Novice: 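My structure is below; once you've seen it, I'll send some questions.
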Amino acid sequence: PLKSLYHHLNYLEAMLQFQHELFPIYAQNRSESGQFDYKRHQAIQKQFDGINQDIQELHPKYQADKQFQESLIRFLYLEGCYKIRVGQYQQGISDIQKVISIASEWQHTSYLLESYRQIIHYCIQVENISEMKYYTELALEAAITANNYEAIAIQLRLSGLYHLMTGNIDEATSKCKQSIDLFTLTSSIQSKYAIQIAAAYDYLAEIKQIQGNLADAMAYQEKAIQLSLNKRSETPILSFYIGIGISYYQQ
């Protein structure tokens, strides 16, 4: 039963097509006409309902089993991410908060960091600056405690965005550059996190736009676009093209 649950979760995650780089709460879940695909949403919801029922049935017997606990936290994380994606924010945030609580208790650092990141991205979407600051600091502290350089680099970029949103340009520049430095320590990390590096360059470009230095802004935006070419996700590179378009317009 536990292996069946594990593979059911694998199937669900494949259906969700989450992007775990720049925009983790979005995915290509629109039809060709650009409208929300309700049939697909119903199919996904059916999968969530089925897995939830399995978990409830298995809980009395397997609640102390590590494999069951892993599946439970994974289910809550996936459900939380999906609920946020489709705009059911209250349920989504509730699920992610449960993951944070369980991950903290079980010392499951990867899910803890991913969950913090989900809430930070939610805060960005709804412009909740105070909550963003709180969770960005928590996430950076957790990443440092875990000595996870990749997670530290991601959180530094998000910290840079927070400072950019609050108008602290010098601190935003510093955090973004620190993030890029960590992401470029090795070629393998640089390749794996190309979109993250591109996002940091895009924030630096926005800073240069604010300062009126359009030549430097476009240089950063070109770097972001080059890093995003041939990547699976279309969303970031579209954002970067818009950014450089704004620079040309201002010029």
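Given the structure is predicted, the values throughout are model-derived calculations rather than measurements.
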Novice: Charged N to carboxylate O under 4.0 angstrom, K133 versus E137?
Specialist: yes
Novice: Tell me, with the steps shown, if S228 and I195 meet side chain to side chain contact (heavy atoms under 4.5 Å, CB included).
Specialist: CA-CA 6 Å; S228 305; I195 298 297; 3.8 Å; yes
Novice: Compare all side-chain heavy atoms of T109 with those of N148 and state whether any distance is below 4.5 angstrom.
Specialist: no
Novice: Partners of E131 by salt bridge (Lys or Arg N to Asp or Glu O under 4.0 Å), sequence neighbours excluded?
Specialist: none
Novice: Give the C-alpha distance, both sets of side-chain angles, the deciding distance and a yes or no for side chain to side chain contact (heavy atoms under 4.5 Å, CB included) between L112 and S104.
Specialist: CA-CA 7 Å; L112 182 64; S104 298; 3.5 Å; yes
Novice: With a 3.5 Å cut-off and no angle check, do the side chains of Q118 and E114 form a donor-acceptor pair?
Specialist: no
Novice: Could you grab the distance from atom OG of S4 to atom CD1 of I51, nearest 0.5 Å is fine?
Specialist: 9.5 Å
Novice: Considering only heavy atoms from C-beta outward, does the side chain of Q226 approach that of L229 to under 4.5 Å?
Specialist: yes
Novice: Is there a donor-acceptor contact under 3.5 Å from the side chain of Q155 to the main chain of A139?
Specialist: no
Novice: Any donor-acceptor pair under 3.5 Å linking the side-chain atoms of Q196 with those of S179?
Specialist: no
Novice: So does Q97 get a backbone contact from the side chain of S101, meaning a donor-acceptor N/O pair under 3.5 Å?
Specialist: no
Novice: Would you sort out whether I210 and I169 count as a side chain to side chain contact (heavy atoms under 4.5 Å, CB included), showing the intermediate values?
Specialist: CA-CA 9 Å; I210 292 168; I169 299 301; 4.2 Å; yes
Novice: Assert yes or no for the condition that the ring centre distance of H8 to Y11 is strictly below 6.0 Å.
Specialist: no
Novice: Checking one residue: L140. Which other hydrophobic residues are in its cluster under the side-chain 4.5 Å linking rule?
Specialist: I144, Y149, I152, L156, L182, L185
Novice: Between atom CG of D49 and atom CD of Q53, what is the distance when rounded to the nearest 0.5 Å?
Specialist: 9.0 Å
Novice: Measure across I96 and S115 and return the closest heavy-atom pair with its distance rounded to 0.1 Å.
Specialist: CG2-O, 3.5 Å
Novice: Kindly determine whether Y77 and H108 satisfy ring pair (Phe, Tyr, Trp, His ring centres under 6.0 Å), including the steps that lead there.
Specialist: CA-CA 13 Å; Y77 176 76; H108 206 309; over 10 Å; no
Novice: Within the distance-only criterion (no hydrogens, no angle test), does the side chain of S191 pair as donor or acceptor with the backbone N or O of S188 below 3.5 angstrom?
Specialist: no
Novice: Test side chain to side chain contact (heavy atoms under 4.5 Å, CB included) on L158 and R117 and set out the steps.
Specialist: CA-CA 9 Å; L158 292 172; R117 205 171 302 150; 4.0 Å; yes
Novice: Do Y134 and C123 come close enough that some side-chain heavy atom pair is under 4.5 Å?
Specialist: no
Novice: Given the rule that I, L, V, M, F, W and Y join up when any side-chain heavy atoms are under 4.5 Å apart, are M218 and Y241 in one cluster?
Specialist: yes
Novice: Taking all heavy atoms of F68 and all of L58, pick out the closest pair and write down the distance.
Specialist: CE1-CB, 3.8 Å
Novice: Please check if any side-chain donor atom of Q91 sits under 3.5 Å from a side-chain acceptor atom of D95, or the reverse.
Specialist: yes
Novice: Taking the side chain as C-beta and beyond, is there a heavy-atom pair between I100 and I119 under 4.5 Å?
Specialist: yes
Novice: Please state whether the rings of Y116 and Y135 are parallel, tilted or perpendicular, taking 30° and 60° as the class boundaries.
Specialist: tilted
Novice: Once rounded to the nearest 0.5 Å, what's the spacing between atom CD of E127 and atom CD of Q125?
Specialist: 9.5 Å
Novice: Can you give me the closest heavy-atom contact between Q221 and S247, atom names plus distance?
Specialist: OE1-OG, 2.9 Å
Novice: Would you indicate whether the side-chain heavy atoms of V86 and I44 approach each other to under 4.5 Å?
Specialist: no
Novice: Would you list the pairs meeting salt bridge (Lys or Arg N to Asp or Glu O under 4.0 Å) in which at least one residue belongs to residues 160-173, sequence neighbours left out?
Specialist: E171-K175
Novice: Taking all non-hydrogen atoms of both residues, which atom of L12 and which atom of F48 are closest, and how far apart?
Specialist: CD2-CE2, 3.5 Å
Novice: Check whether L5 and W106 end up in the same hydrophobic cluster, where Ile, Leu, Val, Met, Phe, Trp and Tyr are linked by side-chain heavy atoms less than 4.5 Å apart.
Specialist: yes
Novice: Calculate, to the nearest 0.5 Å, the distance between atoms CD and CG belonging to Q47 and L78 respectively.
Specialist: 12.0 Å
Novice: Drop me the distance from N52's CG to F75's CZ, to the nearest 0.5 angstrom.
Specialist: 4.5 Å
Novice: Checking E141 now: which residues fulfil salt bridge (Lys or Arg N to Asp or Glu O under 4.0 Å) with it, not counting sequence neighbours?
Specialist: none
Novice: Among the clusters formed by ILVMFWY side chains lying less than 4.5 Å apart, do Y203 and I242 turn up in the same one?
Specialist: no
Novice: For R74 and Q69, indicate whether the former's side chain and the latter's backbone hold a donor-acceptor pair under 3.5 Å.
Specialist: no
Novice: Let me check something: do I246 and I244 share a hydrophobic cluster, defined by ILVMFWY side-chain heavy atoms less than 4.5 Å apart, either directly or through other members?
Specialist: no
Novice: Quick one: closest heavy-atom pair of T136 and M132, and the distance?
Specialist: OG1-O, 2.6 Å
Novice: Do any pairs count as a salt bridge (Lys or Arg N to Asp or Glu O under 4.0 Å) and have a residue in residues 206-226, sequence neighbours left out, and if so which ones?
Specialist: none
Novice: Any idea which heavy atoms bring A143 and L113 closest together, and the distance?
Specialist: N-CD2, 3.7 Å
Novice: Among pairs that include at least one residue of residues 161-191, which meet ring pair (Phe, Tyr, Trp, His ring centres under 6.0 Å), considering only residues two or more places apart or in two chains?
Specialist: F183-Y193
Novice: Are the side chain of Q178 and the backbone N or O of G160 linked by a donor-acceptor pair below 3.5 Å?
Specialist: no
Novice: What about Y249 and L214, same hydrophobic cluster or not, with Ile/Leu/Val/Met/Phe/Trp/Tyr joined at side-chain heavy-atom distances under 4.5 Å?
Specialist: no
Novice: With no hydrogens and no angle check, do the side chains of T145 and N147 hold a donor and an acceptor under 3.5 Å apart?
Specialist: no
Novice: What distance do D65 atom CG and E70 atom CD have between them, rounded to the nearest 0.5 Å?
Specialist: 10.0 Å
Novice: What orientation do Y122 and Y89 show, parallel under 30°, tilted 30 to 60°, or perpendicular over 60°?
Specialist: tilted
Novice: With a 4.5 Å limit on heavy-atom distance, are the side chains of Y201 and I180 in contact?
Specialist: yes
